[in-house]
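Heads up: the structure comes next, in structure tokens.
Every heavy atom of this structure was used, including side-chain atoms; hydrogens, water molecules and symmetry mates were not. Within every chain, numbering begins at 1; the chains are lettered A, B, ... in the order of the sequence lines, protein sequences first and strands thereafter.
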Amino acid sequence: MPVARPEQQQPRVIAHVDMDCFYVQVEQRRNPALRGQPTAVVQYNDWKGGGLIAVSYEARGFGVKRSMRGDEAKRVCPGINLVQVPVARDKADLNLYRSAGSEVVAILASKGKCERASIDEVYLDLTDAAKEMLLQAPPDSPEEIFMEAAKSNILGLPSDASEKEKNVRAWLCRSDADYQDKLLACGAIIVAQLRVRVLEETQFTCSAGIAHNKMLAKLVSGMHKPAQQTVVPSSSVQDFLASLPVKKMKQLGGKLGSSLQDDLGVETIGDLLSFTKEKLQEQYGVNTGTWLWKIARGISGEEVEDRLLPKSHGCGKTFPGPKALKNSTSVKGWLDQLCDELSERIQSDLNQNKRIAQTLTLHARASKENERDLAKKFPSKSCPLRYGTGKIQEDAMKLFESGLQDFLESQNTGWIITSLSVTASKIFDIPSGTSSILRYIKGHSPAASPAIPDSSSVPEDPSLGDVP
DNA sequence: CATTATGACGCT
DNA sequence: AGCGTCAT
């Protein structure tokens with residue numbers, strides 16, 4: 001459940017940057033013939049043409065949607081180009097998009113605190129940079145506002161007018177603005193510059209929201225897409241939230257949002273204002289109740305974390321329908337493939353970023369062969385992570401066997417596996433100092449805690465770059 | 001048994 | 001540690 005963070009006092013300048021149909025853009029850069037064409041990226045294509053995971057704006061114009069099947073997309077948009085996600089080890093391989101995302105992050109991290117929120121989204125805290133601009137080079141004439149910034153959308157400014165760009169230029173350098181708005185205007189200019197740099201250096205367009213907190217920045221980053229940005233002045237917040245459907249708010253797209261609608265009759269964020277903090281806390285607990293009360297007022301103290309890299313690495317695959325795995329041999333084969341990819345990814349993380357993962361977790365979905373036991377879930381299992389492909393494969397298989405025992409509860413029924421995944425987590429930076437490395441090895445050596453009780457494994461030499 | 005593959009995070 | 005929710 002969402003939790004309210006203590007709110008900041010000083011005004012901050014926060015941006016949320018969101019790449020436009022990112023996987024499509026990555027494929028369009030690889031094959032420029034796809035530019036400006038209705039295009040989608042699909043995962044696999046043997047069953048109903050594959051599943052769409054990204055759709056270009058041209059294709060969206062035909063009604064093509066994410067999660068449609070390739071066949072369906074072809075029906076509504078016969079001219080659509082369907083590009084397949086690369087396949088490696090018989091599974092979808094997203095590394096191409098991960099590295100493209102890293103290119104973008106490297107640029108966006110140059111002007112302030114930057115948080116990688118997903119493969120194609122970041123949050124920026126531009127407070128310091130905005131203050132700096134206000135002191136050193138405040139925008140003061142409409143003519144000097146460069147084009148990308150002048151194309152901003154400012155919430156609360158009349159957007160229909162033919163005068164729009166003029167109004168925006170005027171707003172961005174308004175001398176009678178309060179301090180908050182001036183900071184926001186500087187933030188908008190900085191973000192426009194960053195977006196131009198991203199385009200120049202990667203060929204990717206993105207959209208952005210600029211506001212005083214993460215919640216508001218995220219809410220509007222997608223409001224004007226593609227390749228545009230939207231600013232949320234404080235004065236526009238209440239009206240904006242008043243009519244915002246609850247389901248549009250981050251964290252309210254699921255069961256909590258449904259409960260607000262069904263149990264409290266709340267349809268918009270504005271409707272939340274009629275409930276006291278105590279009433280919301282009584283209904284949803286102190287944490288969630290307080291959070292709801294605050295977001296209704298546009299308050300969100302969540303900070304931008306200084307983090308450019310993911311906190312975990314996972315590899316998984318589903319085995320739907322007749323593809324379900326029915327014996328340990330096929331599970332072993334797939335687990336080996338997943339672990340091979342995972343091993344490669346954590347080894348790269350170690351080599352490139354000097355980070356080490358400490359926990360290996362196995363997840364699976366299973367059913368008992370023809371039984372009615374739908375509720376029973378396959379338990380997830382974890383153990384200390386030992387580097388080396390063979391060791392990861394070995395440990396993952398042991399985790400699977402352990403989970404399977406719990407799942408079957410010593411019954412002798414058949415089983416099928418419909419999904420498998422392995423995840424490496426609890427990733428830490430390796431201390432750089434020589435003596436700290438020694439300290440690090442002493443305290444964290446896997447030898448101190450065997451991966452699996454009674455493991456009879458033989459030491460092996462990882463083929464691809466071990467710890468130096 | 002067909003919205004995949006991946007991630008973050010809160011609760012217990 | 002393991003489970004559930006949410007997002008895209």
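Taking every side-chain heavy atom of A:Gln43 into account, B:dT4 is the closest of B:dA2, B:dA8, B:dT4. The side chain of A:Pro310 has B:dA8 as its nearest neighbour among B:dC1, B:dT4, B:dA8.
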Test log, rule side chain to side chain donor-acceptor pair (under 3.5 Å), inputs A:Ser258 and A:Lys247: CA-CA 8 Å; A:Ser258 295; A:Lys247 291 285 210 173; 2.7 Å; yes

Full working for side chain to side chain donor-acceptor pair (under 3.5 Å) between A:Glu302 and A:Ser300: CA-CA 6 Å; A:Glu302 203 186 340; A:Ser300 152; 4.5 Å; no

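Residue A:Arg98 comes nearest to A:Glu341 through the heavy atom pair NH1-OE2, 4.3 Å, listed as atom of the first residue, atom of the second, then distance.
When heavy atoms are screened at a 4.0 angstrom cut-off, A:Leu94 is found touching the sugar-phosphate backbone but no base atom. Across all strands shown, A:Phe319 has no heavy atoms under 4.0 Å from either base or sugar-phosphate atoms. The residue A:Arg365 sits apart from the nucleic acid: no heavy atom pair falls under 4.0 Å.
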Nucleotides 1-8 of chain C: protein proximity per nucleotide (B base, S sugar-phosphate only, - neither; heavy atom, under 4.0 Å): SSSSSSSB

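Geometrically, A:Lys326 does not engage A:Phe319 in a cation-pi contact, judged by NZ or CZ lying under 6.0 Å from the ring centre and within 45° of the ring axis.
Rounded to whole Å, atom P of B:dA2 lies 18 Å from atom CG of A:Leu52. Rounded to whole Å, the distance from CD1 on A:Ile119 to C1' on B:dA5 is 10 Å. Between the CD atom of A:Glu72 and the P atom of B:dA2 there is a distance of 16 Å, rounded to whole Å. Between the CG atom of A:Leu309 and the P atom of B:dT6 there is a distance of 18 Å, rounded to whole Å. Distance A:Tyr123 OH to B:dA8 C1': 11 Å, rounded to the nearest Å. Here B:dA2 presents its P atom at 9 Å from CZ of A:Arg69, a figure rounded to the nearest Å. Rounded to a whole Å, the CG atom of A:Asp46 is 13 Å from the C1' atom of B:dT4. Atom CH2 of A:Trp415 and atom C1' of B:dC1 are 17 Å apart (whole Å).
A salt bridge links A:Glu121 with A:Lys218: the distance from a Lys NZ or Arg NE/NH1/NH2 to an Asp or Glu carboxylate oxygen falls below 4.0 Å. Salt-bridge check for A:Glu27 with A:Arg30: passed, with a basic side-chain N closer than 4.0 Å to an acidic carboxylate O.
Take the nearest nucleotide of DNA chain B for A:Trp47 and for A:Glu341: the residue whose nucleotide is more 5' is A:Trp47. Residue-to-nucleotide proximity on DNA chain B shows that, of A:Thr318 and A:Pro2, the 5′-proximal contact is made by A:Thr318.
At B:dA5, none of the side-chain N or O atoms of A:Ser421 fall inside 4.0 Å of OP1 or OP2 (strictly under the cut-off). Between A:Lys311 and B:dC9 there is a side-chain polar atom (N or O) within less than 4.0 angstrom of OP1 or OP2. Taking side-chain N and O atoms only, A:Tyr97 has no distance below 4.0 Å to OP1 or OP2 of B:dT6. Contact annotation: A:Arg98 side-chain N/O to B:dA5 OP1/OP2 distance is not under 4.0 Å. In this structure, A:Arg307 reaches the B:dA8 phosphate: one of its side-chain N or O atoms is under 4.0 Å from OP1 or OP2. Phosphate proximity of B:dG10 to A:Arg5: present, with a side-chain N or O under 4.0 Å from OP1 or OP2.
A:Thr389 and A:Ser343 share a side-chain donor-acceptor pair at under 3.5 Å. In the model, A:Asp90 has a side-chain atom that pairs as donor or acceptor with a side-chain atom of A:Gln337 under 3.5 Å.
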